[in-house]
Amino acid sequence: MPFFDSHCHFDFAEFDADRTQLWQRAMALGVNGLLVPGIEPAQWPAAQTLSRQLPECYFALGIHPWWISKIATDPLALHFYAYQMSLLLDEDKTSNQPHCIAIGEAGLDKNIDTPIEQQLDLLDWHIDLANQFHLPLIVHSVKTHNELIAHCKKNPPLYGGVVHAFSGSYETAMQLIDMGFYLGVGGTISYDRAQKTRATFARVPLESVLLETDAPDMPLCGEQGQRNSPENLPRIAQLFAELRNESVETITASVWENTRRLFALA
Ligand SMILES: [Zn+2]
C-alpha cells in the first residue's frame with residue numbers, strides 16, 4: 001500500500017537544491033503522492049508549476065494564518081485573490097490530470113499577533129470558497145480548537161476537511177471528527193512529552209486519520225533542527241501503528257482509503 005503525505009511544504013526553498021532526487025528516494029520508500037498547501041497568493045502559481053513537474057505532487061490554494069499580516073487582506077484584495085483562485089482552478093480542471101484538490105491551509109493560531117477576529121474572517125473566506133468550489137478544507141489550528149469548532153458549526157465546510165498536525169484531547173478530536181474533519185498525524189507522536197496527543201491518536205477511529213510530515217518543519221524526535229522530509233512518512237506510519245498496536249499494513253491501507261475519500265483521488 002502506498003503512502004500519501006497529506007501536508008508537505010515541498011515547494012519551500014529548503015528543497016530547492018535536491019527536490020527531484022529527494023522525491024525519487026521517497027517514492028522508492030513507497031511514498032507515492034503528496035499535497036502542497038497554499039500559503040499566500042504569490043506562491044500559488046509555483047505550487048501549480050511544481051505539480052506539473054512532479055505529477056504525484058498535488059496542491060491546495062489558500063492563505064496560511066501566519067501570512068495574513070504580510071499581505072493585503074482588505075475586501076478588494078480578497079475579492080481579487082478569489083478571482084485568481086478561480087482562474088487557477090479552471091486551468092487545472094481543463095488539464096488532463098487535475099492537481100488542485102483542496103482549499104487551504106486556512107486557520108487560526110493563538111501564537112501570532114494577528115487579531116483572532118481577523119483570522120476568523122479569513123477562515124470564513126476559505127470555507128465559502130471551499131464550498132463554492134466543492135473542495136475540502138485544510139485547517140491549521142494552534143490553541144484554537146474551541147473557536148474552530150464553534151465557528152464551523154455556524155459556517156460548515158460542506159466537503160469536509162483535515163485539521164493538520166492535530167494536537168489535543170480525545171474529546172476535542174471526536175468533536176472535530178463528528179463535524180466531518182479528518183485529523184492529520186505527523187512527527188508529534190514521536191515525542192514522549194506529547195502524551196495527550198499520543199493518547200488521542202491511539203484511540204480515534206482509524207477511518208478519520210491522514211498521515212503527514214509537515215516538512216520541512218516538524219522533525220521527528222531526535223532530529224530537531226534538521227530538515228524534515230517526505231522520506232520520513234513511512235517512519236511516521238510505523239510509529240502510528242505501534243501506538244495503536246496494529247500492523248503498519250492495516251494503518252497504511254486504511255489511511256490510503258481515507259486520503260482518496262477526502263481528496264476524491266482516483
Ligand atoms: Zn503547513
Side-chain angles (χ1 to χ4, degrees), residues 3-16 19 22-23 26 31 33-44 46-48 50-51 54 57-71 81 85 99-112 114 119 122-123 125-127 129-130 135-145 148 157 160-168 176 181-191 194 197 201 209-220 223-224 226-233 236 259 262-263:
F3 300 101
F4 187 95
D5 191 347
S6 65
H7 200 103
C8 178
H9 296 280
F10 206 39
D11 57 322
F12 279 15
E14 281 90 335
F15 297 111
D16 281 353
R19 188 177 288 106
L22 196 165
W23 182 237
V31 184
L34 62 76
L35 176 50
V36 172
I39 292 300
E40 57 156 332
Q43 167 256 0
W44 298 345
Q48 185 187 40
L50 180 58
S51 79
L54 302 175
C57 175
Y58 295 84
F59 68 102
L61 297 169
I63 299 169
H64 189 294
W66 297 355
W67 269 261
I68 296 174
S69 64
K70 300 179 189 177
I71 60 172
Y81 303 149
M85 199 181 268
H99 276 86
C100 182
I101 56 174
I103 296 298
E105 68 182 282
L108 307 170
D109 193 324
K110 282 252 174 87
N111 286 347
I112 57 175
T114 305
Q119 297 190 43
L122 263 288
L123 177 64
W125 180 78
H126 283 94
I127 294 172
L129 288 164
L135 288 171
L137 185 71
I138 302 170
V139 180
H140 162 117
S141 174
V142 174
K143 299 182 189 163
T144 52
H145 295 330
L148 175 68
V162 52
V163 178
H164 106 85
F166 177 80
S167 166
L176 289 165
F181 281 110
Y182 289 74
L183 306 178
V185 63
T188 304
I189 57 166
S190 66
Y191 291 83
T197 300
F201 279 113
V209 176
L210 300 183
L211 291 169
E212 63 167 78
T213 62
D214 200 14
D217 297 326
M218 298 268 277
L220 296 177
E223 297 176 1
Q224 291 93 322
Q226 295 176 37
R227 178 184 74 169
N228 190 11
S229 117
E231 287 168 286
N232 288 326
L233 197 65
I236 292 168
T259 306
L262 179 63
F263 298 117

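Computed from a predicted model, the values in this text were never measured in an experiment. In each ligand, atom 1 is the first atom listed, and ligand 1 is the first ligand listed.
Within His9, the N/O/S atom positioned nearest the Zn ion (ligand 1) carries the name NE2.
Classified by interplanar angle (parallel below 30°, tilted 30° to 60°, perpendicular above 60°), the ring pair Tyr58/Phe4 is tilted.
Within the 4.5 Å cutoff, no side-chain heavy atoms of Thr114 are placed close to those of Pro65.
At least one N, O or S atom of His7 sits under 2.8 Å from the Zn ion (ligand 1). With 2.8 Å as the limit, Glu105 counts as an N, O or S neighbour of the Zn ion (ligand 1). Distance check for His140 against the Zn ion (ligand 1): none of its N/O/S atoms falls below 2.8 Å.
No side-chain donor from either of Asn228 and Thr213 sits under 3.5 Å from a side-chain acceptor of the other. His9 and Asp217 are not linked by any side-chain donor-acceptor pair at a separation below 3.5 angstrom, with hydrogens and angles left out of the test.
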